[in-house]
Amino acid sequence: MQRRKFLGLLGAAGLMTTAVAGQAQAAGSKHFEGYPDSFGVLHDTTRCIGCRKCEAACNTVNKLPKPDKPFDDLKVLETERRTTDTAYTVVNKYETSKGLKFRKIQCNHCLEPACASACFVKAFTKNPTGSVTYDESVCVGCRYCMVACSFNIPAYTYNDPITPKIMKCTMCQPLIAEGKLPGCVEACPKEALTFGKRVDLIKVARERIRQYPDRYVDQIYGEREMGGTAWIYLNGVPSPEVGMRDDLGVASAPELTGGALATVPMIVGLWPVLLTGIYAVSKRKDKIAKEEKRQAVTAALTKAAADAEVKLSAALTKAEVENKKQIEVAVKKAVEESAKQPKTEGEA
Amino acid sequence: MSQDTAAGKGNLFNIISGIIILAGLVVTFLRFTQGLGGVTNLDNNNPWGVWIGFDLLCGVALAAGGYTTSAACYIFGLKRFHSAVRPAILTAFLGYAFVVFALHYDVGRPWRLPYPIFVSPGTTSLLFEVGLCVFLYVSVLFIEFTPAAFEWLGFKKIRKVVVKLTLALTIMGVILSTMHQSSLGALFTIAPSKLHPLWYSTYLPVYFFISSIFAGMSMVIFEGTLSHHYMHGLMDKTHLDEADGVVLGFARGASMVMMGYVFIKIIGLVSDGTWQYLSSGYGLLFLTELLCFVALPAMLYGIGSREKNLKLIRWTSLLTVLGIVFNRFNISMVAFNYQLPSSQRYFPSLMEIVISIFVVTLIVTVFRFITTRMPIFYEHPEYAEHEEEPAAHGHGH
């Protein structure tokens with residue numbers, strides 16, 4: 001790969017991530033309330049009788065394979081179930097403080113879906129109708145959407161070796177587009193499910209709580225959970241008693257990951273500056289060290305030479321002095337001797 | 001006689017790796033005929049198993065030696081680590097290449113792996129960030145590795161061009177590594193309801209990045225130990241002379257980074273107010289991870305480098321590497337889905353483990369193939385990098 005092309009790619013990476021940061025910031029500073037007039041479903045669990053008619057309707061509408069046990073077999077309710085690749089919705093039975101309760105599970109169609117935020121090929125779409133749909137044609141099968149979903153909804157066709165895909169409720173998007181009701185809502189005999197505009201459903205739910213304060217817990221589950229969901233719930237008991245977690249928080253997926261994503265362009269921008277700076281400093285340090293070494297060597301050599309000269313001249317001087325002394329001594333001795341000789345001679 | 005034992009060791013290695021590769025091929029066949037359901041224990045609640053927890057998360061963290069070593073040598077100017085760069089780059093390149101290879105098993109439609117970059121980029125996803133950076137970084141590592149191959153093949157001109165890019169490639173390597181090492185941790189920030197509060201933190205990206213630094217350094221020491229044991233004969237004088245210095249220097253560096261890591265983990269505990277969980281079973285697990293697998297080796301590295309105890313350092317590097325694996329396992333599997341009843345929790349199937357071991361065996365096999373042919377542990381006599389340096393030193397003498 002040529003350098004230019006590579007740099008181009010890196011630049012593209014930077015641009016792309018900048019775009020991401022823009023979205024993340026938008027998520028951080030503005031709370032997305034969902035598309036205006038988008039639809040939702042209000043599930044009143046106090047009305048649900050666990051007849052599984054919604055499950056049957058879902059199976060038919062979505063042309064899913066027939067289950068081993070028929071839908072009118074209510075013994076299935078004895079074990080807690082979740083959505084699977086052959087069942088977009090299931091009803092579970094719960095022993096609660098107010099007796100037996102039933103609750104239907106399916107995709108909640110979040111206002112800001114974690115699955116869509118997590119998908120690295122944009123296989124999920126939040127439609128203006130409120131539904132969250134999945135496009136198999138780009139899916140790689142990484143299953144990060146399943147990790148991301150707080151409600152444990154997306155299921156995967158694990159036994160398909162060639163074309164495995166995510167399976168999940170579409171809120172019957174094709175039917176909604178035709179102006180019809182989702183299959184499960186249509187099938188519910190007890191009006192435990194109400195389809196409508198989400199804003200209206202919230203009003204309906206509030207009104208029910210106001211009219212029957214003893215019947216309901218004062219909470220609309222899904223109004224704010226995970227940033228809000230298209231499906232909202234009215235419960236007669238605290239939500240954990242019917243298997244709904246009350247610790248999910250109100251932050252949507254983009255809010256949770258926005259911080260980490262926003263850091264990325266900063267790294268792209270600042271790291272080259274910092275690293276090149278460190279490189280320059282270490283190189284400069286090397287250069288200075290080398291220069292200092294050179295200077296030290298030169299200085300040492302000069303000093304050694306000077307020292308040697310001084311020593312030499314000192315030695316020379318000393319030698320000269322000694323020589324002189326020796327000469328002097330010798331002369332003196334000679335003079336003395338010569339002076340002595342006449343004396344002794346004279347004495348003799 | 002010593003040659004006989006060496007040959008024996010080689011044969012034993014070939015036999016064992018042969019068996020593993022055979023088993024791997026059988027499971028590979030099953031995986032692509034029966035689907036993930038036929039070979040893994042993955043299910044709808046546990047979409048990620050050991051192929052993500054080990055092959056991806058540990059693979060990437062332990063391949064961090066590439067960017068740490070090349071940054072130390074070329075950016076921070078620690079030239080005495082020069083002989084460690086090539087083995088580290090090769091390990092990193094193979095590590096990443098096999099991370100991508102292993103992903104072909106895990107994702108449902110591996111032939112679509114280029115889709116996130118070339119067909120339908122999902123830029124709001126941290127996995128997109130990981131994918132893009134890993135793709136770019138594998139390319140960078142490949143280019144960084146090519147000089148060794150070019151020397152082997154005798155392509156002098158192109159080698160010269162690539163060598164000139166060293167600094168630019170190193171800087172890109174650090175940038176890309178910072179981004180995807182941290183993003184791997186950030187993947188889990190999307191699921192606060194699934195990851196146990198002791199491990200969940202908005203600092204997850206920082207934890208992953210910082211721990212990748214000492215993971216990489218420890219891996220350089222650990223792998224160097226193995227290489228010295230089995231491939232001593234391939235190493236030249238420079239490599240052997242510098243090796244102890246690399247071990248001591250990396251041990252000191254890792255020790256300091258690990259102390260910092262312990263400190264920021266405690267800051268995370270304080271800022272998230274998750275102290276109360278420390279007394280639970282998960283708390284014990286968390287403390288074991290932090291104290292026995294980070295704080296303890298940090299101390300041992302410190303002692304080892306001060307007392308020049310190479311043996312202690314080498315054992316410590318193994319402890320640190322295991323600690324990284326422990327941490328990544330905890331985050332991706334043990335502490336993930338902690339709220340599910342134990343009957344719905346994930347434990348890898350034998351076949352999943354076979355594939356993970358198969359991948360590691362392939363890495364070791366290819367590493368052996370390359371190091372016995374290309375100038376990795378020694379400098380090619382025709383391209384001695386040090387030739388200017390002795391001249392410069394010579395000037396000083």
Side-chain angles (χ1 to χ4, degrees), chain A residues 1 3 6 9-10 13 16-17 19-20 23 82 84 114 117-122 138-144 146-148 150 152 155-156 158-161 163-165 245 247-249 253-254 256-257 259-261 263-264 267-268 271-272 275-276 278-279 282-283 285-286 290 293-294 297, chain B residues 31-38 40 42-45 47-48 71 74-77 106-109 112-113 115-116 119-129 131-133 136 139 143 165 167-168 171-172 174-175 178-179 182-183 186-187 189-194 202 205 339 392 395-396:
Chain A
M1 199 186 298
R3 190 172 174 193
F6 186 84
L9 268 177
L10 195 75
M16 276 188 258
T17 42
V20 175
Q23 281 163 350
R82 60 154 285 163
T84 66
S117 165
C119 183
F120 70 163
V121 286
K122 289 192 293 192
V138 289
C139 180
V140 182
C142 72
R143 308 184 300 285
Y144 186 34
M146 299 167 74
V147 169
S150 297
N152 279 333
Y156 189 68
Y158 279 104
N159 291 320
D160 183 347
T163 56
K165 53 178 178 282
R245 294 185 64 175
D247 58 349
L248 296 181
L256 291 168
T257 54
L261 279 169
T263 320
V264 168
I267 296 173
V268 177
W271 250 215
L275 296 172
T276 317
I278 293 173
Y279 170 73
S282 80
K283 196 158 189 198
K285 241 172 71 187
D286 276 359
K290 215 176 254 177
K293 202 172 177 184
R294 199 186 59 77
V297 169
Chain B
R31 154 67 187 89
F32 290 104
T33 50
Q34 318 260 301
L36 284 171
T40 70
L42 298 173
D43 59 35
N44 289 326
N45 284 333
W48 284 358
Y74 297 125
I75 297 178
F76 291 82
D106 188 76
V107 302
R109 306 194 201 192
R112 285 184 176 175
L113 275 172
Y115 275 30
V119 176
S120 180
T123 50
T124 56
S125 173
L126 278 155
L127 198 59
F128 169 78
E129 227 266 292
L132 182 65
C133 289
L136 292 175
S139 314
I143 302 171
L165 294 177
L167 181 67
I171 290 180
M172 271 182 220
V174 178
I175 296 168
T178 312
M179 296 201 297
S182 58
S183 292
L187 283 180
T189 57
I190 205 166
S193 59
K194 295 188 184 178
T202 45
Q339 82 290 357
H395 187 81

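A, B, ... follow the sequence lines: proteins, then strands. Residue 1 opens every chain. Since the model is a prediction, treat every value here as computed from it, not as a measurement. These values consider heavy atoms only, across backbone and side chains, with no hydrogens, waters or symmetry-generated copies.
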Among A:N152, A:T276, A:L256, A:V121, single out the residue with the greatest number of heavy-atom pairs under 4.5 Å to chain B.
A:V121
Heavy atoms only, distances under 4.5 angstrom: which of A:S150, A:C139, A:A114, A:G249 has the most pairs with chain B? Name it, please.
A:C139
Between A:V140 and B:V107, what is the shortest heavy-atom contact and its length?
O-CB, 3.7 Å
Who among B:V174, B:L113, B:V119 has the most heavy-atom pairs with chain A under 4.5 Å?
B:V174
Testing the basics here: between B:N44 and A:R82, what is the closest heavy-atom pair and its distance to 0.1 Å?
O-NH1, 3.2 Å
Contact between A:P272 and B:I175 at the side-chain level, heavy atoms closer than 4.5 Å - yes or no?
yes
Show your working on side-chain contact (heavy atoms from CB on, under 4.5 Å) between A:S117 and B:I190 and close with a plain yes or no.
CA-CA 9 Å; A:S117 165; B:I190 205 166; 4.1 Å; yes
Go through B:G37, B:P116, B:A191, B:A71 and name the one with the most non-hydrogen pairs under 4.5 angstrom from chain A.
B:P116
Side chain, backbone, both or neither of B:F76 within contact of chain A (heavy atoms, under 4.5 Å):
both
List the atom of B:S120, the atom of A:V138, and the distance in Å for their closest heavy-atom pair.
CB-CG1, 4.1 Å
Taking all atoms of both residues into account, what is the closest heavy-atom pair of B:K194 and A:R245, and its distance?
N-NH1, 4.5 Å
For B:L42, is it the side chain, the backbone, both, or neither that has a heavy atom closer than 4.5 Å to a heavy atom of chain A?
both
If every non-hydrogen atom of A:L248 is compared with every non-hydrogen atom of B:S193, which pair is closest and at what distance?
CD2-CB, 3.4 Å
Quick one: closest heavy-atom pair of B:D106 and A:R143, and the distance?
O-NH1, 2.8 Å
Apply side-chain contact (heavy atoms from CB on, under 4.5 Å) to residues B:I171 and A:W271 and explain how you reach the verdict.
CA-CA 8 Å; B:I171 290 180; A:W271 250 215; over 6 Å; no
Honestly, the part of A:C142 sitting under 4.5 Å from a heavy atom of chain B is both
Applying a strict 4.5 Å limit to non-hydrogen atoms, the region of A:T263 in contact with chain B is neither
Excluding sequence neighbours, so at least two apart, what forms ring pair (Phe, Tyr, Trp, His ring centres under 6.0 Å) with A:F120?
none
Could you check B:T202, B:L187, B:L126 and say which one makes a side-chain contact (heavy atoms from CB on, under 4.5 Å) with A:T257?
B:L126
Applying a strict 4.5 Å limit to non-hydrogen atoms, the region of B:T189 in contact with chain A is both
Tell me every residue that passes ring pair (Phe, Tyr, Trp, His ring centres under 6.0 Å) with A:Y158, counting only those two or more places apart in sequence or in another chain.
A:Y156
Rounding to 0.5 Å, atoms CG (B:L36) and CG (A:N159) come to a distance of 9.0 Å
Distance from B:S183 atom OG to A:I267 atom CD1, nearest 0.5 Å?
7.0 Å
Roughly how far, to the nearest 0.5 Å, is the CG atom of A:L261 from the CD atom of B:E129?
7.0 Å
Taken to the nearest 0.5 Å, the spacing of A:K122 NZ from B:Y115 OH works out to 14.5 Å
